[in-house]
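So that the names make sense, note that chain A is the first sequence line, chain B the second, and so on, each numbered from 1.
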Amino acid sequence: MSAPASPTTASRLLADLTAVVGAENVLHHRDEMLVYECDGYVIEKQAPDVVVFPTSTEHVVAIVQVCNRHDVPFVPRGAGTSLAGGTLPVGGGVMICLTRMNRVLEINTRDRYAIVEPGAVNVWLTRALAGTGVHYAPDPSSQTACTIGGNVATNAGGPHTLKYGVTVNHVRGVEIVLPDASVVQIGGVAEDDPGYDLTGLVVGSEGTFGIVTKVIVGLTRDPEGGRTLLAVFDGVASATEAVSGIIAAGIVPAALEMLDNIMVRAVEDAFHFGFPVEAGAVLIIEVDGVEAAMDREAQAISEVVQAHGGKVDKAIAWRTRKEPEYMAIWKSRKSAFGAIGRVSPTFCTQDGVVPRTALPHILRFMEGVSERLGVRIANVFHAGDGNIHPIIMFDERDPDQVQRALAASHEILDECIRLGGSVTGEHGIGVEKMAMMPKLFTPEDLAAMAAVRDAFNPDGRCSPSKLLPTGGACIERASPGRRASA
Amino acid sequence: MNPLHGNDWPDAPGAGPLGDGRFATEAVHPRTVDEVREAVTRQAEAGRAVYPQGGRTALDYGRPPGRPGAAVDVSGLNRVIDYPHADMTITVQAGMTVAALRSVLAEHRQRFLIDVPQADRATIGGVYATNASGPRRFGLGPPRDQIIGVSFVTSDGNEVKGGGRVVKNVAGYDFPKLLTGSMGTLGVVTQLTLKVRPLPEASALVWTRVPNPDRIDPLLAALDASSTRPVAIELLNPAASWIMADAAGGWSLVVGLEGADESVAWQVDRLGRELEGFEYQVHRDAEAEPLWSALIEFQAGETGALACVANLRPSRVASFVRSLDPERWAVQAHAGNGVVRMRGLGDWTEDRAAAAIDAHRATAVRDGGNLIVARCPTPWKDRLRVWGEPRADWALARKVKRALDPRGLMNPGRFVDDL
């Protein structure tokens, strides 16, 4: 496999793609490629040879046929919010940008599904469903930008996965254009179709199985009521112990998020929600269900918070999620990564997972790493899931700081593995974490995964050098990534 | 079919049943994963098939075994590997029974979220191989929503794992989902990691009689918009009502509610108002247990040789269930999920079964789903097409099967499209 070798072959490829989608749906000038040379993971850059914007499944089929004829790799891209280089066009080739296939095709509230095109932005579906009594549960922090197709590729999470699950729990089927350009309908609108759960397999496959061109998502009843509490603690240790205390009390919150002092200050500076800037750490704790049960559940949480030396600073009672204070607290939380720019010009965020009872340990561990390596680390994360997002701050002009930031990242992820966790809870492996796969999985596990990938993608032309390590891919990264949201 | 071994089915039950009247060439009872690997390797070297078995509650499910082979009984792999209860996860070996798992979880007032019939015998591995479920899947989710890690021995004798032990993890392909409902055709499942949840404080079943079947669909639509948040919405035709509740017959709509005391009390009251004009009874907590049990065990009932499961869009459930002759079928629908369990009543011939199933299957397919035959006499299985109308993704499923079991040794013949 190779990228177009000569101007002649490159121009033939361009001509063939233009014939498929029209000149208005093709980009190929060098300066137009800059946006597409990386996603939210900015460390490795590689421009594609061509970017095409299909507007139909038929377009995608024809594009894949052209790529196969020219023997060039192709990679799907949505909004480019991947934090792991999931859309990096390794080896160049054709980038299939799905942002013009962005319609919500059908909403069926009675049967609790919607059919959307992959380029539909997550929050568009939320808005389309407003007032219907149902919603699409996965709400990644980047939901105002990220696409449903990208959510499917990474099996995206978000703050409300603790109770409602991640993307895979809300996808019933997909239409996919396989790397051989055939179109397959996987799953469907009804549950429990006989056969393998290929839908479950495709979700989270990071574009290595083909190009998803339609997604059938399941819809969830809106809760009847809820409480969102802001609990304040002296430090991260007591806050994380309270997390375990809440779960141990038999409460399953809808969301359970933690911000440490650095993040509380940054977020308060940016959004003026009213976070107590002196707090060592805060928890945003949300419970939902029928309104009649909410007061006692909120009370039970308050007791756990107090037992761990904290106090509930705000309690927002809500019914519709449209209450101004409710919207404000979540806007603050979901925009936290944007606010960190006020503290440090350059940072990288990690996406480790530990058993939630190990949160106090991993937080202590990170403090140790921070002191030992002399890097500042801030924390804002999905505490209820044990999904940490340490933000490691550094000055990219100082090579020594860069190396120390990288070392801190690796040490933290290694500790997550040692604690029985994972190196990614929701961002994906992409190109960033391929070298860590052998630390999580045996050669036999990886061989089985490669065999399954080859069943879908035998020539490896679709999203090459992603997710699974190959000999040449295990290179050490020169510098950590630096922008993020989660 | 392997030409060398195509005709040497044992004719004596010495090594035990494989299902559909066929017997194993031998039975192995591993106690460790290494023993599973050895057993699989030995069978593979001899070119013989491997039939994973647990509690043997579903031996006749699916198509008949395709070629001679050994029964690999994993019921000896029945340990809890790790139960960090405050993490609300548990890692168990596949041969543990559902009842044993429940009692382990109950020590910490937690529960397994899948309703499984014959829980004393059914194993967790079997639940996942067959994608078993029951009434509360509406509120608690199907098996795929609870599994976060899996280990399985493939036909080359290696143990392969996917997922992990933490609730959120997107590293690698989602083998836990792939193995769910794969009918043992990809490997011998040895270990699973599951999400668990606290036991609810209170529960109630609201059993409503629906004298006029024309009212069923409006009632289901109203429940869909109800202020309550049921965990189960069960529709029973007159025959099923009679079997489960010994009631005078008639249509029943059974709503399950669970949660905190206040939540259940409020919902019972609210539902009562929403059901104004209907005759209903409320069964609470321990008093509701026998009815929950009836709703869960219905699918494993002894009556009749014929049983089917249709899946379709929930909005089509009422008309689908009404189209089934109540003299011929006892029907329980997990109405909120569009899953309809049909138990044939009385005597059937192959011709009558084929005609009825073809017609109802066509309806289910038109309504967005399919219809499988969960139980029927072995000789009827080809004609009744037990796995239903072929689906667009089965060719792809076959490629995945070949990737993980290139020689077709794992549970051959039993699943869709000869997987």
Under a 3.5 Å cutoff, is there a donor and acceptor pairing between the side chains of B:N370 and A:D193?
no

Given that the side chain runs from C-beta out, which part of B:Q267 has a heavy atom under 4.5 Å from chain A: side chain, backbone, both or neither?
side chain

Contacting region of B:A225 [heavy-atom separation from chain A under 4.5 Å]
backbone

Below 4.5 Å, heavy-atom pairs only: which of B:M183, B:R398, B:K195, B:K401 has the largest tally toward chain A?
B:K401

Tell me, side chain or backbone of B:R109 under 4.5 Å from chain A's heavy atoms, or both, or neither?
neither

Check each atom of A:E291 against the heavy atoms of chain B and say whether the ones under 4.5 Å are side chain, backbone, both or neither.
neither

Does B:K168 pair with A:D351 as a salt bridge, N-O distance under 4.0 Å?
no

When heavy-atom pairs shorter than 4.5 Å are enumerated against chain A, which of B:D217, B:L199, B:D261, B:V309 gives the highest number?
B:D217

Considering only heavy atoms and a distance below 4.5 Å, find which of A:D197, A:V168, A:T154 pairs most often with chain B.
A:D197

Winner by heavy-atom pair count (cut-off under 4.5 Å) against chain A, out of B:N169, B:V160, B:T228, B:V167
B:N169

Contact class of B:L257 relative to chain A, heavy atoms under 4.5 angstrom
neither

Between A:R453 and chain B, which part of the residue has a heavy atom less than 4.5 Å away: side chain, backbone, both or neither?
both

Assess whether a salt bridge exists between A:D192 and B:R137, defined as any Lys/Arg side-chain N lying under 4.0 Å from an Asp/Glu carboxylate O.
yes

Top contributor to chain B interface from A:G421, A:A293, A:G425 [non-hydrogen pairs under 4.5 Å]:
A:G425

Counting heavy-atom pairs under 4.5 Å with chain B, the top scorer among A:A447, A:A248, A:P223, A:S182 is A:P223

Name the member of B:P406, B:G338, B:A265, B:A221 that forms the most heavy-atom pairs with chain A at distances under 4.5 Å.
B:A221

Select one option (side chain, backbone, both, neither) describing which atoms of B:R197 are under 4.5 Å from chain A's heavy atoms.
side chain

Which portion of A:M449 sits near chain B, non-hydrogen atoms under 4.5 angstrom:
both

Keeping the roles fixed (side chain from A:R221, backbone from B:D224), state whether a donor-acceptor pair exists under 3.5 Å.
yes

Less than 4.5 Å to any heavy atom of chain A: does that hold for the side chain of B:T185, its backbone, both, or neither?
both

Check whether B:W387 gets within reach of chain A through its side chain, its backbone, both or neither, counting any heavy atom under 4.5 Å.
both

Under 4.5 Å to a heavy atom of chain A? For B:V416 that would be side chain

Side chain, backbone, both or neither: which part of B:L312 has an atom under 4.5 Å from a heavy atom of chain A?
backbone

Below 4.5 Å, heavy-atom pairs only: which of A:A358, A:G289, A:G188, A:G187 has the largest tally toward chain B?
A:G187

Is it the backbone or the side chain of A:D111 that comes under 4.5 Å from a heavy atom of chain B, or both, or neither?
both

Answer with side chain, backbone, both or neither: which region of B:V400 has an atom nearer than 4.5 Å to a non-hydrogen atom of chain A?
both

Of the backbone (N, CA, C, O) and the side chain (C-beta and beyond), which part of B:Y173 lies under 4.5 Å from a heavy atom of chain A, both, or neither?
both

Honestly, the part of A:L440 sitting under 4.5 Å from a heavy atom of chain B is both

Decide, yes or no, whether a salt bridge links A:R296 with B:E201 under the criterion of side-chain N to carboxylate O below 4.0 Å.
yes

Within the distance-only criterion (no hydrogens, no angle test), does the side chain of B:R391 pair as donor or acceptor with the backbone N or O of A:I186 below 3.5 angstrom?
no

Would you mind checking which part of A:N108 comes under 4.5 Å of any heavy atom in chain B, side chain (CB onward), backbone (N, CA, C, O), both or neither?
side chain

Checking heavy atoms, do the side chain of B:L220, its backbone, both or neither come under 4.5 Å from chain A?
both

Could you tell me which of A:F441, A:Y113, A:F456 has the largest number of non-hydrogen atom pairs under 4.5 Å with chain B?
A:F441

Is the backbone of A:V184 close enough, under 3.5 Å, to the side chain of B:D393 for a donor and an acceptor to pair up by distance?
no

Most chain B-contacting option - heavy-atom pairs closer than 4.5 Å, from A:A455, A:P194, A:G195, A:G428
A:P194

